[in-house]
Amino acid sequence: MADKRSSAGNMLEDPVYLEIVQQLRPHAQATANISPDTIILTDLGMDSLAIMDFVFDLEDALDLTIPEHRISEVKSISDLVDAVYKLQEGA
Amino acid sequence: MAIFDKFKALNDVHEQLKSVGQSPSSLLFDEIISPTEAVLNGRRTILLGTNNYLGLTFDDASIEKGIEALRGQGTGTTGSRIANGSYDGHKELERELAEFYGMKDAILYSTGYMANLGAIGTLAGRDDYLLIDADSHASIHDACKLSDAQVIRFRHNDPVNLAKKLERLADKPGEKLIVIESIYSMLGDTSPLKEMIAVKNKYGASLLIDEAHSLGVMGANGRGLCELAGVEDEIEFVTGTFSKSIGTIGGFLISNVPGLDIVRLASRPYMFTASLPPSVVATARQALSRVPGATELRTKLWDNATQLYAGLKNAGFDLGPQVSPIVAIRMQNPQKAVALWNGLLEAGLYTNLALPPATPSGWFLLRSSISAAHSSQQIALAVELCTRIGRELGLIPCPLTQGASVEMMNVGTRRKEASEDTSIDKDEAMAQA
Ligand SMILES: Cc1ncc(COP(=O)(O)O)c(C=O)c1O
């Protein structure tokens with residue numbers, strides 16, 4: 001699984017990153033700027049409910065469960081990319 | 001003080017609410033007249049938001065039993081049952097609860113909130129999994145914080161999503177405990193219980209159902225949704241509360257799983273808080289004893305619920321998905337939601353204002369809960385007041401502006417008056433539809 005991951009600095013082409021951005025769009029404010037450093041809780045105009053819905057969509061898209069404690073550890077989008085890879089590796 | 005700085009956003013909302021009217025969290029009743037009426041700000045007010053489903057708060061027999069226990073056993077137990085021992089009433093009430101549900105064991109807690117903390121937080125340990133509905137009550141979310149288990153949310157009332165999540169855990173050791181509610185407290189929608197149980201059985205999980213809003217309300221004997229759905233044998237754990245249909249305070253955990261007793265010694269919300277006072281136990285026992293035979297009250301409750309739901313639906317309000325003793329008007333505009341709630345209060349109708357994030361899908365809700373003690377005149381008045389104020393606020397569509405947006409209807413009073421004149425036709429049309 002880990003080999004699917006793009007090398008450092010190439011986050012913008014990372015398949016997980018791209019999937020996250022795609023799933024975020026419908027939940028985030030239309031004008032929101034999405035980048036790897038974007039802080040999900042504060043930068044996207046999303047409240048906790050919108051974030052929960054986004055996580056459900058992402059779980060479906062990636063066929064993976066993201067447990068609560070993992071979500072609470074995540075701040076930026078690149079944190080979420082890391083969390084997804086860890087979960088895919090079974091960690 | 002800086003320690004309060006983190007509450008700024010919360011405080012701003014509270015201040016804003018106060019600046020436009022009453023604040024739901026600081027209402028002060030001058031007098032409680034009956035299960036359905038109180039005096040608020042000097043005004044006689046209908047209570048349509050107190051979860052008093054069977055209207056038993058002024059039940060003579062309950063009051064007598066409470067007074068008897070107060071005189072006989074004093075005002076409180078002054079400690080937990082682990083430290084200070086139990087009174088006979090605690091034991092009797094647990095026996096009666098188990099008998100009522102036809103289950104092996106019952107454990108009393110001091111509130112329903114603590115029953116969920118104590119049950120969920122204790123039953124799921126470090127290597128276990130808690131699977132909770134996305135619209136769970138705060139007590140369930142808080143219980144998850146108390147538990148060492150991994151917590152996984154599934155989409156609200158969605159057995160397919162639950163199944164996917166259990167499937168992904170299939171090869172993981174550890175117990176899987178699914179937590180759902182019978183009637184969800186904000187919109188009044190019920191759980192698709194049979195489908196949930198099918199998923200639970202398929203994956204060898206256990207199920208805990210919080211019957212807070214269905215005790216006394218559903219099922220031929222008032223045992224709740226599990227009784228109504230005929231699935232009581234398939235449920236591992238039930239939690240509930242005395243704070244709604246039973247009309248007092250207290251919570252419980254019921255189970256058929258052998259060996260429940262040990263939970264008492266592992267459950268911090270059982271061990272480290274005072275047990276229920278004897279008078280509360282006595283009133284709860286009396287009210288519970290009435291539940292199986294309270295068929296007439298249940299019929300009246302559901303008649304009232306149907307009357308309110310149909311009345312508001314016909315007026316054009318956007319409501320929760322099904323008739324239930326909880327009827328919620330869903331709104332997207334916070335100002336109008338607050339104005340509706342305040343307008344109703346001023347007109348003598350008390351309901352609940354529920355705001356995100358405590359509400360599903362970010363709705364602003366005017367939540368009402370219905371009682372068997374309401375008269376149909378009271379319900380009719382509630383519908384009338386909601387309709388009148390809802391129209392004034394442009395919350396409900398009117399024939400002249402059909403198809404136009406709610407915002408447009410709010411432009412100019414003349415237009416509003418015009419639309420009100422003909423709005424009866426709309427009501428009739430919708431009633432026939
Ligand atoms: C679904 C649900 N569970 C538990 C509770 C808590 O009950 P109690 O008021 O007894 O703490 C409530 C009520 O607020 C509830 O709505």
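Bear in mind the structure is a predicted one, so any value in this text is a computation, not a measurement.
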Colleague: Is A:Ile66 close to chain B through its backbone or its side chain, or both, or neither, when contacts mean heavy atoms under 4.5 Å?
Modeller: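 For A:Ile66, no heavy atom lies under 4.5 Å from chain B.
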Colleague: Atom CD of residue position B:Gln322 - does it have more than 12 heavy atoms of other residues, nucleotides or ligands inside 6.0 Å?
Modeller: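 Atom CD in B:Gln322 is packed in, count exceeds 12.
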Colleague: At under 4.5 Å between heavy atoms, what parts of residues 37-51 of chain A are in contact with chain B? List them by residue number.
Modeller: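 Listed by number, the contacting residues are A:Ser48, A:Leu49.
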Colleague: Among residues 113-135 of chain B, which ones touch chain A with a heavy-atom distance under 4.5 Å?
Modeller: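 So far as heavy atoms go, B:Ala134 are the residues that approach chain A to under 4.5 Å.
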Colleague: Using a heavy-atom cutoff of under 4.5 Å, enumerate the residues of residues 165-183 of chain B that contact chain A, numbered in order, or state 'none'.
Modeller: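 So the qualifying residues are B:Lys165, B:Arg168.
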Colleague: Check whether more than 12 heavy atoms from other residues, nucleotides or ligands sit under 6.0 Å from atom CD of B:Gln16, and answer yes or no.
Modeller: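 Counting other residues, nucleotides and ligands, CD of B:Gln16 stays at 12 neighbours or fewer.
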Colleague: Going by residue number, which parts of residues 142-152 of chain B are within reach of chain A, meaning a heavy-atom gap below 4.5 Å?
Modeller: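 Against chain A, the residues of residues 142-152 of chain B that fall inside the cut-off (heavy atoms, under 4.5 Å) are B:Gln150, B:Val151, B:Ile152.
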Colleague: Quick one: do A:Asp60 and B:Lys164 satisfy salt bridge (charged side-chain N to carboxylate O under 4.0 Å, His left out)? Show the steps, please.
Modeller: CA-CA 9 Å; A:Asp60 282 345; B:Lys164 267 193 214 167; 3.0 Å; yes
Colleague: To the nearest 0.5 Å, what is the distance between CE on A:Met52 and NE2 on B:His156?
Modeller: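 Here the interatomic distance stands at 10.0 Å.
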